[in-house]
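No experiment lies behind these values; they were computed from the predicted model shown. Every chain is numbered from 1 and lettered A, B, ... according to where its sequence line falls, protein lines coming before strand lines.
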2 protein chains.
Amino acid sequence: MTVSIEKTDTPEIYRDLHQRLITAGFTPGEKLKAEELRVTYGCSANTIRDVLLRLSTVGLVSFEEQRGFRAQETSPEKRHDVARFRILLEQEGASLSIRNGDIMWEAQLSAAHHKLSHIETTIAKNGELEAYLPLWSAAEWEFHDTLISACQSPLLRGTYRNIYDQFRQQMVAQERDFGSNYFHAIITEHQAILDAALDRDEERCRKAIHEHMKRNFI
Amino acid sequence: MTVSIEKTDTPEIYRDLHQRLITAGFTPGEKLKAEELRVTYGCSANTIRDVLLRLSTVGLVSFEEQRGFRAQETSPEKRHDVARFRILLEQEGASLSIRNGDIMWEAQLSAAHHKLSHIETTIAKNGELEAYLPLWSAAEWEFHDTLISACQSPLLRGTYRNIYDQFRQQMVAQERDFGSNYFHAIITEHQAILDAALDRDEERCRKAIHEHMKRNFI
DNA sequence: ATTCAATAAAATTTCAAGATTTTAAAAAAA
DNA sequence: TTTTTTTAAAATCTTGAAATTTTATTGAAT
């Protein structure tokens with residue numbers, strides 16, 4: 001399923017490959033051949049190499065010297081690791097935000113949740129997942145990122161971004177339910193996180209975050 | 001101070017630049033010109049680009065599209081951030097290791113500490129820092145890495161590795177004491193971490209880790 | 001039949017030069 | 001003098017091809 005694309009430059013190639021990697025656009029462990037991708041994107045092999053090197057630094061692509069690049073492998077162990085680490089970072093980020101966040105943070109979090117909740121309710125009702133998936137993806141990210149946005153640690157926030165993407169990559173690979181049951185469940189979970197955060201209750205927020213992610217432990 | 005080096009291949013160039021970056025081999029924020037380094041290492045500009053891209057993914061080099069590479073900038077804020085994040089990761093890794101580690105872990109940690117302690121005592125006595133620095137660097141890393149090695153989370157351990165390196169980079173840039181006072185202090189601190197870990201006392205270990213790093217908050 | 005070695009094919013990595021973009025310097029205008 | 005525009009220099013990025021390494025295939029030997 002190699003779709004040919006017209007003259008894209010490096011940042012676009014990066015974005016496109018990034019997107020494909022976190023939406024099951026490649027089979028986990030699939031070899032990413034520079035020559036093949038070169039044709040797809042209409043650029044030189046070196047440009048592809050450039051992009052793949054960057055994607056390997058954020059963990060979406062695995063790289064071995066002289067053996068090229070592969071879409072990151074998935075495994076129960078990896079999913080477990082990614083889920084646990086994401087919980088750790090999000091709990092810590094949320095705690096710090098609860099301590100440091102001002103009214104603006106509350107407002108932004110509220111707004112992000114409102115958007116997310118609206119989309120999730122629509123999906124839960126109508127079930128047209130396909131159509132809403134890109135919208136939902138963006139909104140889900142925005143909510144979680146806003147939650148930790150007042151932590152005052154660029155490193156924590158940046159690391160969380162990488163782990164969140166790896167989480168997505170691992171989880172979409174192992175397709176599960178994703179029916180309307182799933183969306184009903186996460187609506188409640190997101191609400192619990194929001195409530196605890198706005199109540200400035202660190203412990204409850206940590207628990208809510210754990211609840212939200214525990215289905216990914218297997 | 002550009003020293004010409006004979007025909008080094010990529011992994012070696014990576015190691016060498018990595019080493020220089022975490023030992024104040026470049027002024028923070030200094031431009032890393034591909035052409036200059038190309039001459040130094042006797043390779044093509046593309047090989048240098050390759051290496052710098054990888055170093056930027058681990059945070060030692062900053063990279064801006066079309067504007068090239070720079071040795072990571074330093075600032076009190078960055079140091080603070082890196083120190084806090086390192087504490088978080090090491091505390092969490094140590095806690096998990098205390099819970100999961102077996103006898104082998106205890107033995108390895110003991111051994112790592114023994115080596116480190118021997119080197120630090122020597123430096124505290126003789127004061128010949130220069131001669132022992134590479135030895136001490138390796139031993140310090142081995143101790144801290146072993147401490148978290150039983151955490152059973154490759155992601156946590158890998159992230160810690162990056163942050164530890166960034167910590168080094170930030171701290172050596174801001175040269176402080178490093179006299180025999182300093183080494184007397186950290187001997188005690190490392191001992192406290194070891195004791196708490198072997199006693200399987202998570203809380204005490206967390207405190208000891210915090211104590212060890214708090215001088216870097218400013 | 002299975003293992004090992006030799007060969008061929010494919011893929012990755014390196015190279016050097018050309019194209020593009022950014023940065024610095026000089027000249028012109030306000 | 002300060003700001004803006006123009007020009008020149010420098011650096012980055014891309015390209016296509018050569019060199020190296022890995023992987024797959026074939027044939028020989030145990």
Figure out the [atom1]/[atom2] separation between [X] and [N], and round it to whole Å.
{"X": "B:Phe69", "N": "D:dC13", "atom1": "CZ", "atom2": "C1'", "value": "10 Å"}
{"X": "B:Glu36", "N": "D:dT12", "atom1": "CD", "atom2": "C1'", "value": "14 Å"}
{"X": "B:Glu64", "N": "D:dT12", "atom1": "CD", "atom2": "P", "value": "12 Å"}
{"X": "B:Asn46", "N": "C:dA16", "atom1": "CG", "atom2": "P", "value": "11 Å"}
{"X": "B:Glu12", "N": "C:dT14", "atom1": "CD", "atom2": "C1'", "value": "16 Å"}

Quiz item: Relative to each other, are the rings of B:His118 and B:His114 parallel, tilted or perpendicular (30° and 60° limits)?
Solution: parallel
Practice problem: Apply ring-ring contact (aromatic ring centres under 6.0 Å, His included) to A:Phe183 and list each qualifying residue two or more places apart in sequence or on a separate chain. | Solution: A:Trp136
[Y] and [X] side chains, donor-acceptor separation under 3.5 Å:
{"X": "B:Tyr160", "Y": "B:Arg86", "answer": "yes"}
{"X": "A:Asp165", "Y": "A:His18", "answer": "yes"}
{"X": "A:Arg157", "Y": "A:Ser149", "answer": "no"}

Practice problem: Indicate yes or no: does B:Glu211 engage B:Arg206 in a salt bridge with an N to O separation below 4.0 Å. | Solution: no
Exercise. Pull out every residue in residues 48-56 of chain A that has a heavy atom closer than 4.0 Å to any atom of DNA chain C, ordered by number, or say none.
Key: A:Arg49
Quiz item: Should the heavy atoms of other residues, nucleotides or ligands under 6.0 Å from NZ of A:Lys115 be counted, would the total exceed 12?
Solution: no
Quiz item: Who are the side chain to side chain contact (heavy atoms under 4.5 Å, CB included) partners of B:Arg67, not counting sequence neighbours?
Solution: B:Glu64
Practice problem: Only counting residues at least two apart or in another chain, list the ones meeting side chain to side chain contact (heavy atoms under 4.5 Å, CB included) with A:Thr23. | Solution: A:Gln19
Quiz item: Aromatic ring centroids of B:His144 and B:His190 under 6.0 Å?
Solution: yes
Filtered N/O pairs between nucleotides 18-25 of chain D and protein, under 3.5 Å:
none

Practice problem: Among the candidates C:dT14, D:dG16, C:dT13, find the nucleotide nearest to the side-chain atoms of A:Ser44. | Solution: D:dG16
Quiz item: Looking across every strand, which nucleic acid part, if any, lies under 4.0 Å from A:Ala45 by heavy atom: base, sugar-phosphate, or nothing?
Solution: nothing
Quiz item: Within less than 4.0 Å of OP1 or OP2 of D:dT15, is there a side-chain N or O belonging to A:Thr47?
Solution: yes
Collect all protein-nucleotide pairs involving nucleotides 7-10 of chain D in which both atoms are nitrogen or oxygen and the distance is under 3.5 Å.
none

Quiz item: So is A:Arg168 actually on top of A:Trp141's ring, under 6.0 Å and inside 45° of the axis?
Solution: no
